[in-house]
Structure formats: structure tokens, C-alpha cells
Amino acid sequence: MITLDHLGDMRRTHSCGQLRLGDVGQTVTLMGWVARRRDFGPLTFFDLRDRDGITQVVFNEETAPRAHGRAKDVRGEYVIAIVGRVVRREPGQRNAKIETGEVEVHADEIYILNDARTLPFQLEVASSDGLASEDLRLKYRYLDLRRPQLQKNLRLRHQVVREIRRYMDEQGFTEIETPVLIKSTPEGARDYIVPSRLHRGGFYALPQSPQLFKQLCMIAGLDKYYQIARCFRDEDLRADRQPEFTQLDVELSFATLEQIYTLIEGLFASVFKVIDAQLPVPFPRLSYAEAMRRFGSDKPDLRFGMELQNLASALEGTMFPAFQTALAAGGEVKGIVVQGGAALPRKTLDELQEYVKRYGASALAWIKLADETSSSLLKALGQETVTRMAETAGAKPGDAVLIVAGKAKTVAASLGALRNEVARREKLIPENVYAPLWVTEFPMFEFHEDDGRYYAMHHPFTSPLDEDLPLLERATEGGETELLGRLRAKAYDPVINGVELASGSIRIHRRDVQRLIFKALGMTEDEARSRFGFFLDALEYGTPPHGGIAPGIDRLMMVLSGTDNIRDVIAFPKTASAADLMIDAPSEVDPRLLEELHIKIVKD
Ligand code: ASP
């Protein structure tokens, strides 16, 4: 058993990331964790770590025998304080990898403030490939958080949120808190529900977003609202989602689309300055239809080209069942040109074939323009048509064209994804470039084939374009339901490097329009009343035109920190299956609690 020392009134004079050549000769007190120790007989070296960095501490048996002796008892991750002198390192001993690498501290005294068990995994690894399994690290998240990279991400997050608050304040916005125990507001996902003890059989819902509250703030005349809001969505999880996440929720009255674009461009420009990046403003804009046509995606990555090319005109008069059936049924045949792609090996093409199948494509055809044109289509279409297709696509000698045919939706989804995949594999994405844009004029509704009805693409409070209002009336009052598919919304998403960073819209502020939207969604007046009666009432008391947006802070932080793992930017994240492995949640609760809530678990 080692004896532990008390902190007493000892104070740190410096952090472990602070000392430089200018401090040589000073006596300092440092505190932190022992990241690494090396013993060389009479000399013992510690790397002492705190949130600020690492300092090398040396214990010398000759000059400080007591401290050297005690240092022998110290293991990795023990918490210690040392008092010592800052010394310039010998030239050969300097360490350019750490900021304090020109100096070291020769310790005269050591205080062991706490010991530590052997960690369940190693914190120090040469590269992220060497990290222990993520599940293990999530179970001991407080240890994983000791890694400097995660600490850096969290500090950057703090700086970004501070900048957001500064900017929104400067723009005249008021930060307003809205409740977390609410009634469900639909954003297209499932609600997390919370049973009420005092109201038997009653449930609250956790907000999927503060959507209706922020709109009520506008009806209340608060004019410019924002909130760093925690939102909850019970969804089947994807890699870049978390069941609870944070967004900058914004709403403003009498707002035009242009005002919102300018506001948000300014916001992102300020926030990217935090990492010394310059965002080009104003952002270019693409309508949803154009983004889908040219990039096969409503969140195109504009850091590289490789746009989708329509090959239908090159196929006129040819008979190839796979293409003709697609075109005759109103579908498409499109391709992307991979520069230098004539060198793509067969194996890669096979892998890409499998890749597009994941997005519903039945096959991937290809043309290679090497000395001789080769193509998976040569037999079926002949040299002439294949050459015409390559020309239509704009391919040059040495390039390849990768082609998909089918329903427009499938072609967009598969080629859009393929475009990103090829860019990644072929290293076509420039580093340290940020390519923002607005995607605008989203469809109001999308048709779900499985249950044969329309759903709001953004949410049911989004306004249609003024010029599309007559279509809404014809669709809902005149029975021409299929027109709903043509309705465009005043909805917009800022996208950076292929990541959708926010969603927003101008809202419906008229009761009559809101009624038609609910009708279009197949909701009866009674259903609409029972779900949002309070909101429909409020719309009748002088609702100003208004609109808003909600940038996702976690996604934003992923882009700013350059990570593709959302858990790298959240202090205590959940797994992909919505579990917290550290606190073991969700978990069963005391049966007495359930009884009080009048809840019975039915075991199957
Ligand atoms: N409530 C929306 C969302 O969370 C954002 C908005 O329309 O402002 O996606």
C-alpha cells in the first residue's frame, strides 16, 4: 500500500501544456496524470498529462533521492503533484511532437494524490487504428475522454457554441428555453414518451424539436428566438445519428427566405472562423430538383465534380431490353465519368457493382476509353452506340463511364452514392476545402409506396411556395391527390461537403392553409384538433409570417473536428442501438416505480 498525500493548499503554478524555454530556471508546481513512465536506473521519466498537454518530468536519484524513491511506486494514470525546476532539454532530447518539448522539469518533490487501477485499455496508442473496441471505451467513457483528441473536440465544441451565442445575440435574437416534457410534435420519427404519475394513463413526450413552441414564440410576438436545444428521436439509428442530439433552434418573424439565407451564412462563416476556415459567402443555391438531377442527392458534395450525365439521347433507336424498359417506364439511364477510370481494375468494378446494388440498382454497366474502347455493353449495344454514350457523357480518352438504369429514384440514389464512393476511393476530394450550398424548394410531400399515402418531407408546418398554393387546393378540395407530389415547399437545407447541416422552412401562418395540409396528410379535422388543437387555436389569433431553421450542432462539430464518428464530438454519447454502456441505460426500474405509474410490463 502506498501512502497518499493530501492536496492541502498546494496550487498549480502552470498547466502541463504551458512551459516553454522562457520558463527555464523557474520553480514550478504541476499536477496531473502519469501518462507514461520510463526507468533508467538513477533516472526516472514521467510524461505528466493534464487537459492542456504533456510535460516531461525527471526524477534524479542523485539530486532528489526521496522523490526518486517515491516515484518508483507510481504507475500509469496515478494522480500526482510535483515541484521542480524547469530545465532546457539537451539538443538530442527535444521532442517536437509536444508543445513543451524543449524543456523538462527536474522534480525535487512528488506528492501522490491518488492511485489508479490498471486501465481496461490503453489510452496511448500511435494511431486511432490501435484503439480498443469502441464498446469497451464507451463503458469507461470517463477514461476514454482523457485522450487529448477527445478533449480537444469538446473544447472546440465549447468555443463553437460560445460563438453561436455571440452571433445570435449580435443579430438581436433572444435565447428562450422551451419545455422538455411536452406533447408529441411530429417530425417524422417516433417520440420518446414519459409516463405521468399524477395523471394516470397520461404520457408526456420528449421533444423531437421545439418546433411548435418556437412558432408559438412568434405568435407571442417574441420576434427572434433561438435555443441550443436538446432533441430526442426514437429512430432506427444510423452511424451519424444519436437518439438525443443538440440543435441550434432558430425562428424569426416577418422573415423572407433571403433574410434567413443571409443570417445562416453569416452564422456558419463566423463559426468556421473558430477553426480558421474561410467559408465562401453567399452560398450557391440549387433547387432540390436540380440537385437530384445533377448529383443524385439532396446533399451533394461540391468539393468535386463528377456530375450525373443523362445518356437517354445516345440510346435513341437502340434496342437493349434493360435500358429500353427503364426509359419506356419513365425511368432513366445515367452515368458518371471517372477521370482516368480506364485504369480501374476489374475487381474494383465488381466491388462498385455490389455497392450500387445496395441502393437498389440492378446492375452497373461501364465503358472504358483506353486504346481500345471496352465496355460491359459492347455485345448488347455495339461499338457505335457505346461510343455515342461515352461522348454524351463527356468522357475523354483514359476515362471510364459508370452507368445505371432504372427508376429515376433508384438511378439518383445509386449514382449519387457511387459518386461519393468513387471520389473517396480515387482520392478526388481535396483536403481542407469547405464547399457549402443551399438546397432549396424541397418537395412538400413524399409518397410512401408501402402504405400508399403522402408524408410531409420536412414537417407539416412548412409552407408551400406561394405559386403552388392553387395545386394544394386542387389536390385537397378538388380530389386531384396526385398533384401533391408536385407541390414545392419553402424549405431549405444548408449543406457543406455533402453533410446536411440544418433543415428549415418558412412556416404556414394561415389557418386555412394549415387545414389543407393536414387534409393532404390524411388527417381528419378531429384528429388534427386532438393532436394540435392548441396550435390551431393559436394560429387564429394574429400569427405573423415566420420561418426558421435548426442547424444540428453534433453534425456541425463532426465537420469542424474532421471526424466521421458522431461520438467523437459528444461527451457521453450512446451506441448505435441507443444504449449508454457506461451507466447501463436503458435498464429495468424498481417494480414499485412502475406500480406508481400504473404500468405493467407484458413479457412475451
Ligand atoms: N424543427 C426542424 C427540425 O428539427 C427544424 C426547423 O424546421 O426549424 O428539423
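Counting convention: from 1, in listed order, for ligands and their atoms alike.
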Output yes when the distance from some N or O of ligand 1 to some N or O of R507 is under 3.5 Å, and no in every other case.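 Between R507 and ligand 1, an N or O pair is found under 3.5 Å apart.
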Can you confirm whether or not the ring centre of [X] sits under 6.0 Å from the ring centre of [Y]?
X    : Y    : value
F461 : F532 : yes
F572 : Y142 : no
Y261 : F283 : no

Sub-4.0 Å heavy-atom approach of [X] to ligand 1:
X    : answer
Q208 : no
E500 : no
E251 : no

Using a 4.0 Å cut-off to any heavy atom of [X], which atoms of ligand 1 qualify?
X    : value
S503 : 5 (C), 6 (C), 7 (O), 8 (O)
Q247 : 4 (O)
I549 : 8 (O)
K214 : 6 (C), 8 (O)
S209 : 1 (N), 4 (O)

Taking non-hydrogen atoms only, is R233 closer than 4.0 angstrom to ligand 1 via side chain, backbone, both or neither?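 The side chain, only.
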Under 4.0 Å, heavy-atom basis, I'd like to know which part of A550 is in contact with ligand 1: side chain, backbone, both or neither.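 Contact part for A550 vs ligand 1: both backbone and side chain.
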Judged by modelled atom types alone, do D249 and Y225 share a side-chain donor-acceptor pair under 3.5 Å?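 Indeed, the side chains of D249 and Y225 share at least one donor-acceptor pair under 3.5 Å.
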Can [X] and [Y] be counted as an ion pair, charged N to O under 4.0 angstrom?
X    : Y    : value
E258 : R285 : yes
R511 : E525 : yes
R241 : D554 : no

Is the terminal nitrogen or CZ of R453 (NZ for Lys, CZ for Arg) located under 6.0 angstrom from the six-membered ring centre of Y455 and within 45° of that ring's axis? yes
